[in-house]
Asker: 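Take this structure, written in structure tokens, and hold onto it; I'll ask about it next.
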Amino acid sequence: MDEYKVLVVDDDKEISESIEIYLKNEGIQVLKSDNGLDALNILDKEEIHLIIMDIMMPKLDGIKATFKIREKKNIPIIMLSAKSEDTDKILGLNVGADDYVTKPFNPLELVARVKSQLRRYVRFGNYKKEDVVEVRGLILNRNTKMVTVDSEEISLTSIEYKILELLMENKGTVFSIEQIYKNVWNEPFYNGENTVSVHIRKIREKIEINPKEPKYLKVVWGIGYKIEK
């Protein structure tokens, strides 16, 4: 995986150096920063494929930095935090993070999550399926990873894109929260209700004119979600 470049943003040098060692063992290039402002400057100069972002940092914290990154870029972001409360996790996901890891963490688990996010973000080989999926003005292009609604481009995170792709490929099929989690995150389902629900809400806010009366992404109460045919 030596074509990938990961930016580690954490003011704890021991943690960032430890992450660097494990990622380099996987052939992944690593850049490091100890604050959000510096991270934003690096992103302007370097092609980064994934960011590991701590929440509590000087100058600009991880939440604010992620919010600014999402104004321009859709690259995967994995958030780190010493806190384990659901409110911190939901806040991170709300501003655009794709995944969340609580300190202390197993470095091998973090590496596995990094590799999983990179596989989703970067396309390998050629698609055998149709390149474009369309549902009444909502268009998803697998080649360009672009999503448009009535010809207007919509900016989605990599996880939001993957969820929408799953549902659009299976128009009319209802997916439970657990099914969505297993298909998109590709890992066992452990209390992932909030994680999926937050991403679904963000997708609706981006693709629907009125998220409270959705045209595309419908809920089937007590069962799950679907893209209406």
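Since the model is a prediction, treat every value here as computed from it, not as a measurement.
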Asker: Please lay out, stage by stage, how Asp98 and Arg70 fare under the test salt bridge (Lys or Arg N to Asp or Glu O under 4.0 Å).
Answerer: CA-CA 11 Å; Asp98 297 282; Arg70 282 291 174 252; 2.9 Å; yes
Asker: How would you list, by chain and number, every residue that makes a side chain to side chain contact (heavy atoms under 4.5 Å, CB included) with Lys72, sequence neighbours excluded?
Answerer: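 Applying side chain to side chain contact (heavy atoms under 4.5 Å, CB included) to Lys72 gives none.
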Asker: For a salt bridge (Lys or Arg N to Asp or Glu O under 4.0 Å) check, start with the C-alpha distance between Lys215 and Glu228, then their side-chain angles and the critical distance, and finish with the verdict.
Answerer: CA-CA 8 Å; Lys215 175 182 177 181; Glu228 197 78 278; over 6 Å; no
Asker: Find out whether Ile75 and His49 are in side-chain contact, i.e. whether some heavy atom of one side chain is under 4.5 Å from a heavy atom of the other.
Answerer: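 No; the side chains remain at least 4.5 Å from each other.
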Asker: As a quick check of understanding, evaluate salt bridge (Lys or Arg N to Asp or Glu O under 4.0 Å) for Lys5 and Glu46, giving each step before the final call.
Answerer: CA-CA 9 Å; Lys5 190 178 294 185; Glu46 299 280 349; 3.0 Å; yes
Asker: Just wondering, do Glu152 and Val149 contact through their side chains at under 4.5 Å, heavy atoms?
Answerer: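 A side-chain contact is absent here, since even the closest heavy-atom pair is not under 4.5 Å.
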Asker: Answer yes if the ring centres of Phe175 and Tyr225 are under 6.0 angstrom apart, and no otherwise.
Answerer: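 No: the rings miss the under 6.0 Å criterion.
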Asker: Flag yes if Leu110 and Ile21 sit in one hydrophobic cluster, no otherwise; membership is Ile, Leu, Val, Met, Phe, Trp, Tyr, and two members link when side-chain heavy atoms are under 4.5 Å apart.
Answerer: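 Cluster IDs for Leu110 and Ile21 differ.
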Asker: What residues form a salt bridge (Lys or Arg N to Asp or Glu O under 4.0 Å) with Glu205, not counting sequence neighbours?
Answerer: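 Listed in chain order: Arg201, Lys202.
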Asker: Do Val132 and Ile139 make a side-chain contact, defined as non-hydrogen atoms from C-beta onward lying under 4.5 Å apart?
Answerer: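 Answer yes - side chains close enough.
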Asker: Under 3.5 Å, side chain of Ser116 to main-chain N/O of Ala112, donor-acceptor pair present?
Answerer: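 Checked: no pair found.
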Asker: Side-chain contact test, heavy atoms from C-beta onward, threshold under 4.5 Å: evaluate it for Ile200 versus Ile163 and give yes or no.
Answerer: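 In contact.
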Asker: Are Ile223 and Ile203 linked, directly or through intermediate hydrophobic residues, by side-chain heavy-atom contacts shorter than 4.5 Å (ILVMFWY only)?
Answerer: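 Different clusters.
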Asker: For the pair Glu160 and Lys162, evaluate salt bridge (Lys or Arg N to Asp or Glu O under 4.0 Å) and give the outcome as yes or no after the intermediate values.
Answerer: CA-CA 5 Å; Glu160 290 166 358; Lys162 194 69 176 178; over 6 Å; no
Asker: Salt bridge or not between Lys103 and Asp54? Use side-chain N to carboxylate O under 4.0 Å.
Answerer: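 Looking at Asp54 together with Lys103, the answer is yes, because their closest N to O distance falls below 4.0 Å.
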